[in-house]
Amino acid sequence: MATYKEFHQYSIEKPNEFWTEQAQLVDWKEPFTQVCDYSRPPFAKWFVGGKTNLCHNAVDRHAAKRPNDRALIFISTETDEEKVYSFAELQREIERMAAIYLSLGVKKGDRVLIYMPMIAQATFAILAATRIGAIHSVVFGGFASGSLATRIDDAKPVLIVSSDAGMRGGKAVPYKHLLDEAIELAEHKPAKVLMVDRGLDKEFNKVAGRDVDYATLREQFLDAQVPCEWLESSEPSYILYTSGTTGKPKGVQRDTGGYAVALASSMKHIYCGGEGETFFSTSDIGWVVGHSYIIYGPLIAGMATVMYEGTPLRPDAGIWWQIVEKYKVSVMFSAPTAARVLKKQDPAFMHKYDLSSLKHVFMAGEPLDQPTHEWFMTELQKPVIDNYWQTETGWPMLAALPGVEKTPIKYGSPSFPVYGYNLQIFREDGSVCDANEKGIAAVIPPLPPGCLSTVWGQDDRFVSTYFTLFKEPLVYSSYDWAIKDDDGYFTILGRTDDVINVAGHRLGTREIEEAIQNHPAIAEVAVVGVEDKLKGQVPMAFAVVKDASKVATPELVKALEKEVFGTVDGILGAIGRPARVHFVTGLPKTRSGKMLRRSLQALAEGRDPGDLTTIDDPSTLEQIKNALAS
Ligand code: ATP
Ligand code: MG
């Protein structure tokens with residue numbers, strides 16, 4: 001067995017051999033003739049000439065061998081539904097959905113936009129698209145009409161699949177009227193809207209000639225058999241827009257064969273999940289984690305996957321662990337935001353359940369701060385593995401590889417570059433940083449299989465957004481600030497936009513946030529750099545306390561702020577000390593749980609907070625404004 005280092009080295013030095021071996025993990029209708037065509041840098045085509053299908057690899061091939069094994073476990077604690085689909089049942093439902101698509105005129109290469117809550121039909125809708133070679137574009141169900149309209153105009157779908165409503169925290173969240181508004185706003189008009197009526201919003205509007213009912217059509221196609229369309233490896237499978245943390249979202253275009261291979265290989269080497277086991281990702285199908293690790297990855301590996309509609313706290317804070325026990329979940333995937341929510345709860349909720357099936361918990365999406373990482377791993381007594389990646393890459397760039405070598409976990413670090421990625425930390429002049437020197441994380445192309453092929457319809461934007469960090473060397477960068485220690489462990493310090501320059505010292509927001517997290521009263525914190533005449537920039541902190549009584553009076557606020565200064569001084573020195581710590585009850589985040597630091601910074605500097613279409617709770621901004629004014 002290779003060490004993770006040897007494995008990585010082999011993937012970089014002998015990519016053809018390496019990826020040919022990984023490609024055996026998926027079924028090919030026709031074999032590929034070339035592993036990688038990199039004749040037009042930075043565009044890379046993987047497994048040229050090979051023909052395959054994502055739905056076949058995720059469903060049909062398992063249904064053929066293990067028809068009665070669990071494939072999809074749909075759980076809604078919102079509507080009290082629970083339904084398990086075997087691989088055979090899942091395939092049947094996908095074929096029915098695919099038959100509906102065909103009857104509505106959807107052809108190979110057409111776009112199908114999916115704007116749905118976390119229900120089983122969303123999985124059918126996604127896999128039915130890839131089954132017939134249509135390109136899906138899933139838009140997160142929480143987005144309002146404006147964000148949805150932009151995505152409709154960009155993807156130009158012939159069909160939109162939607163639902164009357166989703167449910168969150170016990171309340172129905174209507175979808176259909178937002179969709180109607182979005183179509184009204186958009187220039188592009190879809191020919192058909194396929195509605196999955198959950199009976200949650202009795203009053204939703206039905207547009208004659210355009211809107212059709214899923215349940216009625218399904219009845220007509222109960223026995224439908226729709227074969228998989230074999231696609232050339234580079235043909236697109238889907239479009240997915242980035243989270244929009246830093247501004248206008250980009251339409252990431254994914255291929256077919258490269259993605260299938262990358263996911264299959266990640267399931268083996270990173271996530272360590274296989275046939276007969278269960279994967280539970282707490283993400284949403286609207287995000288990349290939902291695409292790769294609710295739908296495709298686990299199913300390609302022959303695992304059952306949990307699709308959960310609900311919050312981590314209802315009916316109580318034990319719900320996730322109850323699911324783990326009931327379905328013998330072996331792999332979990334969540335986000336630091338959720339871990340920080342659980343950290344505020346009584347750990348007894350976790351300890352009540354039998355978690356013996358669980359092998360690993362993976363976390364991604366945002367920096368996992370050291371105190372939260374340590375807390376989670378100590379409470380769970382399981383390896384909690386941070387992994388760093390992006391919508392663009394589709395699968396991890398930095399992670400530990402327990403399927404290759406069980407390396408020790410360092411709190412606060414997503415460990416090492418993943419095989420296939422020649423990832424380094426660079427200085428601003430394009431040279432490579434030494435150990436313990438901060439710089440920009442970037443990948444020397446070609447990007448490995450699974451990563452974006454281009455920005456949908458905008459090849460020039462693909463090049464200008466991601467490949468223009470330096471004149472020389474050519475690198476792929478999404479502008480994250482990072483550092484590597486003497487043992488080769490990486491830490492992401494924040495986005496390069498968020499680096500704070502205090503009197504010539506450069507600090508990642510992450511470093512200061514992490515220092516503040518060490519104060520026991522703090523539940524969550526965001527730090528931004530604010531313009532300062534004397535020092536260039538000074539850090540400013542916005543913190544949420546675990547117990548509101550700690551900041552009930554101005555005197556208590558002053559005292560706690562002073563204590564927090566002391567904590568930062570002790571860890572980073574006075575250089576990292578924020579000018580102020582403002583206490584608030586919530587922080588502005590995107591709907592995927594990422595801190596909107598650029599908006600915080602704008603407000604702190606008295607500017608307009610900018611594009612807020614992806615914000616989760618706009619009232620948090622009011623609080624920030626009030627805190628700044630006080
Ligand atoms: P946009 O690109 O539209 O501004 P976004 O970058 O938030 O949005 P995503 O692709 O969802 O969209 O997020 C990827 C980014 O999230 C990474 O570039 C990085 O900044 C951050 N990130 C993801 N995982 C980690 C992690 N494990 N540790 C630290 N940061 C992470
Ligand atoms: Mg990004």
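Just follow the structure's listing: the first ligand is 1, and inside any ligand the first atom is 1. In this text, all values refer to a predicted model and were calculated from it rather than measured experimentally. Atoms considered below: every heavy atom in the structure, side chains included; atoms not considered: hydrogens, waters and symmetry mates.
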Heavy-atom side-chain contact between I516 and P578 under 4.5 Å: yes

Those atoms of ligand 1 less than 4.0 Å from some heavy atom in N387: 24 (N), 26 (C), 27 (N)

Subset of ligand 1 atoms that lie under 4.0 Å from at least one heavy atom of E366: 22 (N), 23 (C), 24 (N), 25 (C), 26 (C), 27 (N), 28 (N), 29 (C), 30 (N), 31 (C)

Those residues that, when tested against T590, pass side chain to side chain donor-acceptor pair (under 3.5 Å) (two or more places apart): S592

Mutual orientation of the aromatic rings belonging to F333 and F279 [parallel < 30°, tilted 30-60°, perpendicular > 60°]: tilted

Candidate with minimal heavy-atom separation from atom 20 (O) of ligand 1, of T465, D480, L493, D498: D480

L596, L240, T391, T496: member with heavy atom nearest to atom 9 (P) of ligand 1: T391

K344 atom NZ: more than 12 heavy-atom contacts under 6.0 Å: yes

Nitrogen or oxygen of K594 less than 3.5 angstrom from that of ligand 1: yes

Part of P414 with heavy atoms under 4.0 Å of ligand 1, whether side chain, backbone, both or neither: neither

Nearest-option assignment for atom 29 (C) of ligand 1, heavy atoms, candidates P249, A335, P367: P367

Where at least one partner belongs to residues 368-386, residue pairs that pass salt bridge (Lys or Arg N to Asp or Glu O under 4.0 Å), sequence neighbours excluded: R340-D369

Per-atom contacts of ligand 1 with E392, taking only distances under 4.0 Å to non-hydrogen atoms: 10 (O)

Numbering as shown, the atoms of ligand 1 that approach K250 to under 4.0 Å (heavy-atom distance): 1 (P), 2 (O), 3 (O)

Residue of the set Y388, F416, W389, W395 for which ring-ring contact (aromatic ring centres under 6.0 Å, His included) holds with Y421: W395

NZ/NE/NH1/NH2 to OD/OE distance under 4.0 Å, E513 and R597: yes

Atoms in ligand 1 with a heavy atom of R495 nearer than 4.0 Å: 5 (P), 6 (O), 7 (O), 15 (C), 16 (O), 20 (O)

Ligand 1 atoms in contact with I492 (distance to a heavy atom under 4.0 Å): 29 (C), 30 (N)

Atoms in ligand 1 with a heavy atom of W389 nearer than 4.0 Å: 14 (C), 17 (C), 23 (C), 24 (N)

Pair Y489-T407, side-chain donor/acceptor within less than 3.5 Å: no

contact_flag G365 ligand 1 heavy-atom lt 4.0 Å: yes

Evaluation steps, salt bridge (Lys or Arg N to Asp or Glu O under 4.0 Å), between E531 and R607: CA-CA 11 Å; E531 223 174 57; R607 289 180 286 116; over 6 Å; no

